[in-house]
Each structure stands twice: as structure tokens, then as C-alpha cells.
Amino acid sequence: MSGKAVQTSRNILAALGIAVLLSISADISTVHAADHTAPPLHAATEYPCFETHAGEHVTIAVDPVDTNDKQKFLRFDYLSVGFLPVRLIVQNDSDATLDLNEARILFLTADGDHINAATLDDLDRAGGTLKMHPPGSLNPLPIPFPTKPS
């Protein structure tokens, strides 16, 4: 076999190896994600707390995740450290796309106080620890990639 044919065979084997690793990784992540499937959504008006904006053709609902049974789909027990997770349902009944990039979510108490959404720092101070990694810090493959020596 010529050197060019050997190099081509190696490239094909490397590509097949990467494809196999990616499919294994996809299977592993799919199984993990399947353990945390959120309950099905309903029309926003079916939730106890909703607000309709007829002019914009948008209904916004909040579903508090206030029991251990309701929080089974979450990857962390927020209730145990004093946080109340909520599901925010935004129902768009118009033909236009909603842009929520600049949306700010506040909790308005019965007394009129505004409370910002909790941050990871808030959770850490409360004694909670997420079993998550920051985006981009975790290699999704079951083996490490070789790195350049520093």
C-alpha cells in the first residue's frame, strides 16, 4: 500500500471512530435528559396564574413548582434550600415572532415588592450546589481530547 493510501485509511478510521464516539455520547446524554422530562404544557389560560395581553395576542402564565412531586423533573432540589422554582409559559397567539431577549422576569409580591430571579451565587449562599458545569467547560465525549502542552 502506498503512503497516500495508508493516510487515507487512517483518516477514514479516525472519522469512523469520532462518529462512533459521538453516537455513544448522544445516547448517554439522551438517557440522562430522559430522566428529567418536564410535564407537558397546557394552554396558558389553564394555569391558575395567568395574564392575557389581548392587543399583543400573548398570554403569560406561571406554574409554581411548589411540591416535591412537581419538582421531580428538575435536576436540583430547590425547595430544600428555600427557593421556589416556577415554570414560565409564554403563549403567542399571533403570527409574529416574540423577542424575549430583553425580557426581565420579576416576582411581584402581594405587598408590591419586586424580587429579581435568583442567580447561581444566590443558590450557593443558600447552601445549594448544582451538579452542573459552566457552558463550554465539560467535554461531552466519554474520553478526553488530547490537549497541546503549555
Side-chain angles (χ1 to χ4, degrees), residues 11-150:
N11 289 344
I12 291 171
L13 286 174
L16 286 173
I18 290 172
V20 167
L21 289 175
L22 288 175
S23 67
I24 290 170
S25 174
D27 289 343
I28 290 169
S29 64
T30 302
V31 169
H32 180 68
D35 295 343
H36 301 284
T37 304
L41 291 174
H42 304 290
T45 54
E46 292 183 25
Y47 292 92
C49 183
F50 69 90
E51 181 177 305
T52 300
H53 297 263
E56 291 88 12
H57 305 286
V58 174
T59 303
I60 301 169
V62 175
D63 183 22
V65 183
D66 54 358
T67 65
N68 286 329
D69 189 45
K70 286 176 76 173
Q71 78 166 352
K72 284 182 183 177
F73 76 96
L74 299 174
R75 291 187 173 94
F76 180 76
D77 183 5
Y78 292 94
L79 297 174
S80 70
V81 292
F83 287 84
L84 176 65
V86 296
R87 291 179 73 192
L88 179 68
I89 297 93
V90 179
Q91 181 177 319
N92 181 8
D93 292 324
S94 74
D95 292 333
T97 303
L98 290 178
D99 181 4
L100 300 176
N101 288 330
E102 298 297 321
R104 297 295 173 255
I105 309 301
L106 296 172
F107 177 71
L108 182 62
T109 67
D111 296 332
D113 295 331
H114 292 209
I115 300 173
N116 290 321
T119 65
L120 289 176
D121 288 339
D122 295 334
L123 184 63
D124 285 341
R125 282 191 294 275
T129 304
L130 286 177
K131 305 283 191 266
M132 301 167 89
H133 299 276
S137 71
L138 179 65
N139 177 3
L141 298 177
I143 60 170
F145 281 118
T147 58
K148 293 180 182 177
S150 11

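One-based numbering along the sequence shown. These numbers come from the heavy atoms of this one structure, side chains and all, not from hydrogens, waters or symmetry mates.
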>> Per the side-chain hydrogen bond (donor to acceptor under 3.5 Å, both in side chains) rule, what does the pair list look like for residues 50-63, sequence neighbours excluded?
In response: Glu51-His53, Thr52-Thr59, Asp63-Lys70

> Cationic tip of Arg87 within the cone over Phe73's six-membered ring, i.e. under 6.0 Å and within 45° of the normal?
Replying inline: yes

> Any idea which heavy atoms bring Val58 and Ile60 closest together, and the distance?
Replying inline: CG1-CG1, 4.0 Å

> Quick one: side chain to side chain donor-acceptor pair (under 3.5 Å) partners of Asn68, sequence neighbours excluded?
Replying inline: Gln71

>> Taking side chain to side chain donor-acceptor pair (under 3.5 Å) as the definition, give me every residue that meets it alongside Gln91, ordered by chain and number, with sequence neighbours left out.
In response: Asp93

>> Please report the interatomic distance OG1(Thr109) to CD1(Ile115), rounded to the nearest 0.5 Å.
In response: 5.5 Å

>> Among residues at least two apart in sequence or on other chains, which ones pass side chain to side chain donor-acceptor pair (under 3.5 Å) with Asp69?
In response: Lys72

>> Could you report the tightest heavy-atom contact between Asn92 and Ser94, atom names first, then the distance?
In response: OD1-OG, 2.8 Å

> So do Phe107 and Val86 actually touch side chain to side chain, heavy atoms under 4.5 Å?
Replying inline: no

> Can you tell me how far the OH atom of Tyr78 sits from the CG atom of Asp66, to the nearest 0.5 Å?
Replying inline: 15.5 Å

>> Can you give me the closest heavy-atom contact between Ala44 and Ala61, atom names plus distance?
In response: O-CB, 3.4 Å

> Are side-chain heavy atoms of Val62 and Tyr47 found at a separation under 4.5 Å?
Replying inline: no

>> Quick one, Leu74 and Pro85 - any side-chain contact, counting heavy atoms below 4.5 Å?
In response: yes

> Is the shortest heavy-atom distance from the side chain of Leu79 to the side chain of Leu84 under 4.5 Å?
Replying inline: yes

> Nearest 0.5 Å, what's the OG1-CD1 distance between Thr45 and Ile89?
Replying inline: 11.0 Å

>> Restricting to side chain to side chain donor-acceptor pair (under 3.5 Å), what partner residues turn up for Thr67, sequence neighbours left out?
In response: none

> Which pairs pass side-chain hydrogen bond (donor to acceptor under 3.5 Å, both in side chains) with one or both residues in residues 110-119, sequence neighbours excluded?
Replying inline: Thr119-Asp122

